[in-house]
Structure formats: structure tokens, C-alpha cells
Amino acid sequence: MTPADKKRVLREMLFARRFEERCYEAYVERKIGGFLHLYPGQEACAFGVMEAARPGHDYVITGYRDHVHAIKCGADPKAVMAELYGKETGSSKGRGGSMHIFDVEHHFMGGYALVGGPFPLAAGIAKGLKMKGSDAISICFLGDAANNQGTFHESLNMAKVWNLPVLYVCENNLYGIGTRIDRSTAVIDQYKRVSGYDIPAAQTDGQDIEKVYEAAKIAVDHVRSGKGPYFLELMTYRYRGHSMSDSNAYRPKDEERMWSKRDPIIMLRDRLIEAKQITLDDYKAMDTAVLEEIENEIIKFAEASPEPSVDELEKYVLADNDPYVRGGKH
Ligand SMILES: Cc1ncc(C[n+]2csc(CCOP(=O)(O)OP(=O)(O)O)c2C)c(N)n1
Ligand SMILES: [Mg+2]
């Protein structure tokens, strides 16, 4: 990454952080309902990998902690916020909510609530890309606990058998909801688990964007050059509870403190200051501009947008066309 890239990414990560923090506030104000899973702490994972890939060209899929991945693909943050607000202008017309952001135009393929659901979908996307002869790749971001689903093993197996252009990125934040990884998972280092499928794999520090970028570059080049799947594990930490309904009482405070000292944004900021690429005042001005953009453009847009019309509430409900459901034939 060039110094200009690093400055741009610093702003993008800061924007992602402030966007998520503002979602938290809007949820507390009851402007956002339903489930809400936030990303602060993990930013270098999505940004480091996608800087090494081609956002908007490559296909990206993830779980329910999905706002930031969608935005980095090119989704309009206003449409993402409006989706969280349940508004008609949302990326899924307000019908999906936080866990179901989708943006076909920018190749962001969702946003899924089912843990492990995206593994086979990512392989399917990769199969389609291969059949079309596309040079785009499929990138699947998921958490550590998702790897205990059968879909993980089934998908890795077929991805290898079919030599698919798919990059699996494990954001290992050490927890699946309130359960620490060593209480649920026999192998702590997730990259070791894929050796059973003869897929190349690596593990790196998910808090250091430059390390993520370097590791992701190797991974992306491998996949794009037709050598088949790759698995990249990023060691990271989420700052808040699993979702808004999680009081986050189960993690040792010294563990939280330790990870907060390795904040991905602060680490990049301090490096740029040390290299005299920016000053602390530049950073503060950047932060002010980001906060203003979120408030004046994004929140304003979401608040001013209309609710979906009651007449159209069933428009995208597929069961509407099922006579057994509609006609009461059961
Ligand atoms: C099939 C399925 N089983 C269980 C759940 C409940 N659930 C939601 S999130 C979660 C933990 C996932 O943790 P991880 O994959 O590590 O992702 P993280 O939340 O840490 O990013 C579980 C068990 C679910 N949504 N789907
Ligand atoms: Mg996890």
C-alpha cells in the first residue's frame, strides 16, 4: 500500500467505526430495531483483505456482521443506514434489516443470518465465475465459530475438488456469542483445520492492516491465478457484545484492555504520524469531517426516507405465491 492508499484507508476505517457507533446510538434511540451486530475492533480484516482484492468486481459474501463489508464493496452507506432503519430507500427496501444487506450492482452477495450459510454459497458463486471464465473471485468472510458447521467442511471439500476461485477469510475474534473458542472448538488455530482438504492456508494479525494486506495479497493472487481455494485466518477482537442484546459480561476485562491497545485504526494512524504522512490535527479534522458526513448526510437521509407502504409489505414474500400457504390447504 502506498502512503496515499494508507491515508485513504485510514479515513475509510474511521468512517466504518463512526458509522457503526452511530448505529449503536440509533438502536438505543429505538430508530433501529431487530438484530444488530456491530464491527468495531475488526475493521482491518475487511479493509485489509479488500484492499488486496478488487471491490465491486470480486464477489463478497458474509454473515450478519455485514454493514462494513457491503460499504467497502461500494454499497451506498445511505442505503445501508436506511436499511437498518427499515425504510423503503434501504438496500433491501427495508425488508431485510441489518443482517440482510445486499447489493448486486457492487457484487455484495449478502448478509446472512444462518451461521455457516455463506460457505456453500461462496463456493457456488466461485463455480459460476469459473464456468463463465471470469477473472473475478469469490470472497467469503465468516467468524471462527461458523467453522464448526458441517457446511464449512462440505464447502472446503468441494472447493478443492473443483479447484474453485474462492477465498475463505476467517475473522477469528475468539468468541461465538458468549462462548470462548476453547470451550467449543477442539482446534484453536483455524487455519490448521483446512489441512484435511489440502487447501493452502495462513494466519496473521487481524489488527494490523498492513499485515492483513500482505497476507491477503498472497491469498488473492493465488486464487485469481487459477490455483484454487485459499483460507486466511485473521486474529481479531470485537469491542462490543455479540449483538445489541448481549450484555458482554463474559469476557475478562484484562483481555478486553489488551486488545483495545491494538486498535487497528489507532495503530495505522500512529504509523502515519510517525512517518510524517499526517499530523494528529489532520486526524482530528478527518474525524470531524467523518462525523459530520454521517450525521448530515447519512442519518438525515435515513430519517427522512419513507417507510415501506403497507400495501406493498407482502410484495417480496415468496410464500405469497404458494397456494398451500395462502390457500390454507394444510
Ligand atoms: C445455523 C445457526 N446456528 C446458530 C445460530 C445462532 N448464532 C448466531 S451468531 C452465532 C455465533 C457465531 O460466531 P462466529 O462465527 O465466531 O462469528 P462472530 O459473531 O464472532 O463474528 C450463533 C451460534 C445461527 N444464527 N445460525
Ligand atoms: Mg467469533
Side-chain angles (χ1 to χ4, degrees), residues 16-17 19-20 23-24 27 34-50 60-72 96-101 108 110-123 139-156 167-194 201 203-207 212 231-252 255-256 258-260 262 264:
R17 172 73 56 88
F19 183 96
E20 294 288 85
C23 291
Y24 179 95
Y27 194 94
F35 286 97
L36 183 67
H37 307 82
L38 300 173
Y39 201 56
Q42 301 188 198
E43 292 89 349
C45 300
F47 283 98
V49 170
M50 292 222 246
V60 171
I61 191 166
T62 188
Y64 40 79
R65 212 177 289 289
D66 59 343
H67 320 153
V68 172
H69 301 77
I71 292 169
K72 181 61 179 165
S98 164
M99 300 197 286
H100 304 111
I101 310 293
F108 180 70
Y112 292 85
L114 285 181
V115 171
F119 287 127
L121 298 176
I139 306 176
C140 177
F141 290 87
L142 278 180
D144 45 289
N147 298 345
N148 290 332
Q149 288 286 52
T151 50
F152 173 73
H153 302 277
E154 295 163 21
S155 304
L156 288 179
L167 168 58
Y168 287 108
V169 179
C170 175
E171 298 190 34
N172 187 348
N173 61 13
L174 305 174
Y175 288 83
I177 311 187
T179 305
R180 204 185 145 83
I181 188 166
D182 51 9
R183 295 181 60 220
S184 66
T185 307
V187 179
I188 308 295
D189 290 324
Q190 298 302 295
Y191 75 99
K192 292 180 183 166
R193 301 179 81 178
V194 307
Q203 181 191 54
T204 196
D205 177 359
Q207 303 307 93
V212 176
F231 182 92
L232 180 60
E233 178 180 14
L234 305 172
M235 303 309 295
T236 188
Y237 205 72
R238 62 168 154 73
Y239 289 166
R240 292 197 179 278
H242 168 72
S243 70
M244 291 300 288
S245 58
D246 174 7
S247 62
N248 192 27
Y250 44 83
R251 298 192 302 193
E255 180 183 285
E256 291 187 343
M258 197 262 290
W259 283 92
S260 70
R262 307 206 63 254

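Both ligands and their constituent atoms are indexed starting at 1 by order of listing. Owing to the predicted nature of the structure, the values given are computational and were not obtained by experimental measurement.
- Closer than 4.0 angstrom to ligand 1 lie heavy atoms from Tyr64, Arg65, Ala113, Leu114, Val115, Gly143, Asp144, Ala145, Ala146, Gln149, Asn173, Tyr175, Gly176, Ile177, His242.
- With Tyr64 as the partner, the ring pair (Phe, Tyr, Trp, His ring centres under 6.0 Å) test is satisfied by one option alone out of His69, His100, His242: His242.
- Inclusion of Asn172 in the first shell of the Mg ion (ligand 2) is not supported: no N, O or S atom falls under 2.8 Å.
- A salt bridge is absent between Glu256 and Arg238: the closest approach of a Lys/Arg side-chain nitrogen to an acidic carboxylate oxygen does not fall below 4.0 angstrom.
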Dump the intermediate steps for side-chain contact (heavy atoms from CB on, under 4.5 Å) on Gln42 and Gln207, then the final yes or no.
CA-CA 7 Å; Gln42 301 188 198; Gln207 303 307 93; 5.7 Å; no

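- For His67 and Phe108, the gap between ring centers reaches or exceeds 6.0 Å.
- Around the Mg ion (ligand 2), the angle linking Tyr175 (O) with Asn173 (OD1) is 90°, rounded to 10 degrees.
- Here the two rings, on Tyr175 and Tyr250, have centers that are under 6.0 Å apart.
- Using modelled atom types, one finds no donor on one side chain facing an acceptor on the other under 3.5 Å when comparing Gln190 with Asn172.
- Using a cut-off of 4.0 Å between Lys/Arg side-chain N and Asp/Glu carboxylate O, Arg262 and Asp205 are scored as salt-bridged.
- Of all the N, O or S atoms in Asp144, the one closest to the Mg ion (ligand 2) is OD1.
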